[in-house]
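Remarks on the structure that follows.
In the text below, chain A, chain B and the rest are named by the order of the sequence lines, each starting its count at 1. Quick caveat, the model's predicted, so the values are computed rather than measured.
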Amino acid sequence: MTKYLVTAALPYGNGPLHFGHLAGVYLPADIFSRHMKLMGEELIYVSGSDEHGVAIMQNAQKAGIGYKEYVDQWHQDHKSLFDKFDIEFDVFGQTSAEYHREETLKWFEILYEKGAIEKQDEKQLQCQDCKNLLPDRFVEGECYECGYENARGDECPKCGTWIDPLKLKNPQCKFCDSKNIKAIDSFQWYLMLSKYQKEFDSWFETKSSWKKTVFPYVKSLASEGLVNRAITRDLDWGIDVPLDEAEGKKLYVWFDAPIGYVSNTKKLFEGTDTDYLNDWWLNKDTKLVHFIGKDNIIFHSIIFPVMSLVSERAKLVDDLPANQYLNLSGAQFSKSSGNSLDSHQAIDKFGSDALRFYLASLIPEMQDSNFTWSGLEVKVNNELANNIGNFINRCLKFYVKNYPEGINLTEKYDFFETELFTEFEKLRVEYQNSLKDYQFQKAIKALMGIGFSANQYFSDREPWSKIKEDVPHAEVTLYTSVILVYLIGIHFSSLLPKLSHEIRAHFEEGLQNENFYQKIYQGEYEELKSYLNSNPLKIIKKPKGLVPKIDPDIIKDLEG
RNA sequence: CGCGGGAUGGAGCAGUCUGGUAGCUCGUCGGGCUCAUAACCCGAAGGUCAGAGGUUCGAAUCCUCUUCCCGCAACCA
């Protein structure tokens with residue numbers, strides 16, 4: 001039995017999450033996970049905070065608090081944002097936790113024993129005033145290619161040259177601004193990716209079906225030869241390198257971060273009979289899917305797979321549905337340049353249905369997409385509210401007004417034999433197949449199509465006039481439409497869980513039961529049929545507009 | 001010639017792998033309806049698919065070149 005191990009890139013515990021993170025990673029992974037679970041698949045959705053690295057150290061120092069305290073704050077902040085967005089992880093842990101350290105050390109030890117990790121000497125810059133070692137980003141100077149004065153230690157922003165920090169002219173320490181910098185002899189441990197080129201190539205060949213923003217890119221990188229990477233740093237925040245001669249060195253954040261997927265799974269099953277390795281990470285029936293943004297492709301397609309291959313503590317990734325970027329008004333989200341917005345404020349103002357709907361429609365599957373406030377207004381008001389929200393409202397209100405006790409028509413009418421139902425099934429299958437293929441735009445289109453068919457049916461049959469001259473005709477229309485409302489409610493549960501729940505809440509308890517509607521989600525209607533045979537279809541809650549429209553004035557304010 | 005992706009009606013996108021009279025959502029215009037959140041339904045206008053060349057009976061779709069946009073190696077979805 002195939003089971004699904006879904007991971008979402010560990011958010012870095014160093015700042016607020018923005019819509020790009022949500023639309024690119026957490027939302028698609030959440031929709032996918034909810035969908036597969038509803039389809040009856042065994043699936044876990046794993047993520048957690050990524051909490052090591054220099055950037056965190058710097059910002060914690062700036063904030064004047066301890067590292068652990070600092071990352072705990074962001075962990076809580078991210079968690080609460082995910083809650084508001086109805087992003088439902090099975091586990092959301094922390095890489096600063098002890099269980100993660102233990103798992104990471106196991107990986108290191110195995111890789112080290114197998115010769116995949118080697119010590120190499122290297123020159124490093126050290127500030128002679130503050131005594132800090134200065135890895136790439138912590139030194140600035142003059143580019144030796146183009147002469148640009150503020151080149152960073154890794155890349156010259158002007159000419160794009162990949163900088164060797166040792167060759168920078170007039171290097172300056174980013175910690176204390178001192179220019180008294182010397183190259184000293186040092187050493188680090190390297191992950192010897194180049195040793196595994198062959199194994200990597202033959203594995204990666206089998207992934208040609210990955211999307212074209214991923215496969216050709218990785219293939220071209222790999223064909224240039226896998227590059228060994230330093231996986232230790234001279235820092236005082238992180239996991240200690242478990243070697244005698246590595247005093248004062250920590251594992252580099254990018255080494256331990258992906259192991260976080262594994263360690264968080266371990267945490268999830270702690271105290272149960274489930275073995276996180278044999279039942280999940282090493283199970284050949286497990287399908288491993290990493291949801292990530294495009295910047296993360298190399299780690300998830302090359303580095304972590306090679307680590308897994310050698311350590312044999314994880315199977316290799318099966319699917320890598322990496323997304324492009326969601327931009328804000330045409331430019332990347334960036335707090336430092338002011339191109340940002342407060343995700344918490346936004347979700348508090350508009351709610352998860354509206355934002356999930358808009359962001360899902362913006363999931364940058366093949367190319368960068370663009371968030372705008374007016375886009376939110378247009379999308380939510382014109383599509384979700386006018387199509388779906390309005391159909392539910394017009395239908396339920398009319399129904400309750402005329403048939404407060406419900407209708408039972410099964411004696412003379414079979415909804416499941418109608419053309420409308422056939423059309424519904426076609427769209428439902430399209431919707432679900434698209435979700436399974438990570439094609440979220442297509443899925444939404446199919447879902448909207450159901451709303452359109454429903455409105456069309458309702459309008460064509462004019463129950464408002466038929467009810468005066470041909471009551472049975474009107475009854476069929478209303479009865480059918482209310483069934484559609486129920487079905488729409490069920491099928492929204494992966495995309496908009498709140499709205500879905502609110503729709504279902506209008507129906508009697510038996511229909512609200514999760515096991516009951518899950519069958520329907522899967523396209524099995526027997527139980528629904530027998531329910532309808534013996535019960536009138538009754539609305540138990542006074543209908544009201546479920547999808548409130550967004551006030552254009554609020555949007556104007558936000559854009560102003 | 002560093003690498004990868006992209007360029008399709010006013011806007012946002014699908015179609016490109018597996019060539020055969022250009023499709024979807026929104027917007028616009030005209031009509032209908034009044035159950036409903038000024039919502040819904042019907043119809044119309046509007047593009048020759050970044051540019052040039054080539055292959056072909058036929059190309060948005062394959063090939064070549066050009067232009068422009070985005071991203072790119074280790075903090076950043």
Side-chain angles (χ1 to χ4, degrees), chain A residues 8-12 14-15 17-26 50 52-59 135-137 154-155 160 162 211-221 223-224 227 229-230 252-254 257 291-299 302-303 322-327 330 332-336 361-362 364-370 372 374-375 378-379 381-383 385-387 389-399 401-402 439 441-442 444-445 448-449 452 454-460 462-465 467 474 477-478 481 543-549:
Chain A
L10 305 188
Y12 197 53
N14 187 39
L17 289 170
H18 58 238
F19 287 169
H21 299 105
L22 289 159
V25 177
Y26 306 102
D50 173 14
H52 292 134
V54 203
I56 281 172
M57 293 170 60
Q58 280 185 311
N59 284 325
D136 39 34
R137 289 261 171 148
D154 55 351
E155 187 183 14
W162 199 247
K211 60 168 117 172
K212 59 182 169 184
T213 49
V214 178
F215 183 79
Y217 172 57
V218 176
K219 195 175 159 64
S220 109
L221 280 173
S223 69
E224 290 162 20
V227 183
R229 300 294 176 183
Y252 176 49
V253 58
W254 257 110
F291 281 86
I292 56 170
K294 60 179 164 183
D295 57 308
N296 257 336
I297 291 174
I298 294 168
F299 298 95
I302 299 178
I303 301 177
N323 284 315
Q324 307 297 297
Y325 282 159
L326 169 68
N327 294 323
Q332 274 191 40
F333 277 87
S334 163
K335 217 186 163 194
S336 50
S361 81
L362 289 178
E365 290 167 36
M366 291 308 289
Q367 53 195 298
D368 291 357
S369 60
N370 200 22
T372 61
S374 55
V378 167
K379 202 83 189 169
N381 289 358
N382 294 343
E383 296 191 37
N386 288 354
N387 181 352
N390 180 57
F391 173 70
I392 295 164
N393 195 43
R394 73 192 293 203
C395 170
L396 292 187
K397 275 195 177 150
F398 197 56
Y399 191 79
K401 190 174 156 199
N402 292 287
Q439 298 189 31
Q441 328 272 7
K442 219 170 154 183
I444 293 174
K445 199 180 277 180
M448 290 297 109
F452 172 72
N455 272 310
Q456 193 181 39
Y457 172 82
F458 200 89
S459 296
D460 282 354
E462 305 181 347
W464 56 90
S465 65
I467 201 156
T477 308
L478 292 171
S481 299
K544 60 166 181 123
L546 293 181
V547 183
K549 286 214 181 182

query = In terms of the nearest nucleotide of RNA chain B, which residue is placed more toward the 5' end: A/Ile298 or A/Phe452?
reply = A/Phe452
ask   = Rounding to a whole Å, what distance do you find between A/Tyr217:OH and B/rA77:P?
value = 15 Å
ask   = Between B/rC72 atom P and A/Asn323 atom CG, what is the distance in whole Å?
value = 16 Å
query = So, do A/Asn386 and A/Lys549 sit near enough that their side-chain heavy atoms are less than 4.5 Å apart?
reply = yes
message = If we ignore hydrogens and angles and just use 3.5 Å, is the side chain of A/Asn402 paired with the main-chain N or O of A/Phe398 as donor and acceptor?
response = yes
ask   = Rounded to whole angstrom units, what separation is found between the CG atom of A/Asn382 and the P atom of B/rU25?
value = 13 Å
task = Sticking with atom C1', work out how far B/rC26 lies from B/rA45, rounded to a whole angstrom.
result = 16 Å
Length of the line joining A/Ile444:CD1 and B/rC26:C1', which is rounded to integer Å = 14 Å
key: Per A/His18 side chain, nearest of listed nucleotides B/rG4, B/rA77, B/rC70   = B/rA77
request  = Using the C1' atom on both, measure B/rG4 against B/rA73 and round to a whole Å.
outcome  = 13 Å
ask   = Got A/Tyr26 and A/Pro11 here, is their nearest side-chain heavy-atom distance under 4.5 Å?
value = yes
key: Euclidean distance, atom NE2 of residue A/His52 to atom P of B/rC76 [Å, nearest integer]   = 15 Å
query = What integer number of Å spans the C1' atoms of B/rG51 and B/rC13?
reply = 22 Å
request  = For A/Leu326, answer base if it contacts any base atom (sugar-phosphate contacts may also be present), sugar-phosphate if it contacts only those atoms, and nothing otherwise; contact means non-hydrogen atoms under 4.0 Å.
outcome  = base
key: Nearest listed nucleotide, side chain of A/His21, among B/rC70, B/rC41, B/rC76   = B/rC76
Spacing between A/Leu221 atom CG and B/rG4 atom P, to the nearest angstrom = 9 Å
query = Side chains of A/Arg394 and A/Asn455: does their closest heavy-atom pair fall under 4.5 Å?
reply = yes
query = Between atom CD in A/Gln441 and atom C1' in B/rG23, what is the gap in whole Å?
reply = 16 Å
ask   = When you measure from the side chain of A/Lys445, which nucleotide among B/rC70, B/rC24, B/rC76 comes out closest?
value = B/rC24
request  = Evaluate the side-chain proximity of A/Val253 to A/Tyr12: yes if any heavy-atom separation is below 4.5 Å, no if none is.
outcome  = yes
ask   = So which nucleotide from B/rA77, B/rC72, B/rC13 ends up closest to the side chain of A/Ser369?
value = B/rC13
request  = Scan A/Tyr12 against the nucleic acid and name what it touches under 4.0 Å (heavy atoms): base, sugar-phosphate only, or nothing.
outcome  = sugar-phosphate
Salt bridge (charged side-chain N to carboxylate O under 4.0 Å, His left out) partners of A/Asp295, counting only residues at least two apart = none
inquiry  = Using 30° and 60° as the class boundaries, would you call the ring planes of A/Trp254 and A/Phe299 parallel, tilted or perpendicular?
reply    = parallel
note = Side-chain contact check for A/Met366: nearest option of B/rC72, B/rA14, B/rC41 is B/rA14
task = Please measure how far the C1' atom in B/rC1 lies from the corresponding atom in B/rU66, and state the result in whole Å.
result = 13 Å
task = Determine: side-chain N/O of A/Gln456 to OP1/OP2 of B/rC42, distance under 4.0 Å, yes or no.
result = yes
ask   = Are A/Tyr399 and A/Ser481 close enough that some pair of their side-chain heavy atoms sits under 4.5 Å apart?
value = no
Residue A/Phe333, side-chain heavy atoms: nucleotide from B/rA73, B/rG5, B/rA77 that is nearest = B/rA77
query = In terms of the nearest nucleotide of RNA chain B, which residue is placed more toward the 5' end: A/Val378 or A/Gln324?
reply = A/Val378
query = So what does A/Gly20 touch, heavy atoms closer than 4.0 Å: a base, only the sugar-phosphate, or nothing?
reply = base
query = Base, sugar-phosphate, or nothing for A/Ile303, non-hydrogen atoms under 4.0 angstrom?
reply = base
query = Does a side-chain N or O from A/Gln367 land closer than 4.0 Å to OP1 or OP2 of B/rU8, or not?
reply = no
key: Of A/Leu326, A/Asn327, A/Leu362, the residue whose pairing with A/Asp368 passes side chain to side chain contact (heavy atoms under 4.5 Å, CB included)   = A/Asn327
query = Looking only at atom C1', what distance separates B/rA50 and B/rA7, rounded to whole Å?
reply = 6 Å
inquiry  = Categorize A/Glu383 for me: base, sugar-phosphate, or nothing, with a 4.0 angstrom heavy-atom threshold over every strand shown.
reply    = sugar-phosphate
request  = Provide the distance between the two C1' atoms, one in B/rG47 and one in B/rG54, to the nearest whole Å.
outcome  = 25 Å
inquiry  = Which residues pass the side-chain contact (heavy atoms from CB on, under 4.5 Å) test with A/Gln367, not counting sequence neighbours?
reply    = none
Annotated protein contacts, base or backbone, on nucleotides 29-39 of chain B with a non-hydrogen cut-off under 4.0 Å, one of B, S, - each = ----SSBBB-S
task = Measure from CE on A/Met448 to C1' on B/rC40 and round the result to the nearest Å.
result = 15 Å
request  = Using both distances under 3.5 Å as the test, list the Watson-Crick or G-U wobble partner of B/rC33, or none.
outcome  = none
message = Between B/rU61 and B/rU48, how far apart are the two P atoms, rounded to whole Å?
response = 15 Å
ask   = Taking the C1' atom of each, how far is B/rG19 from B/rU25, in whole Å?
value = 27 Å
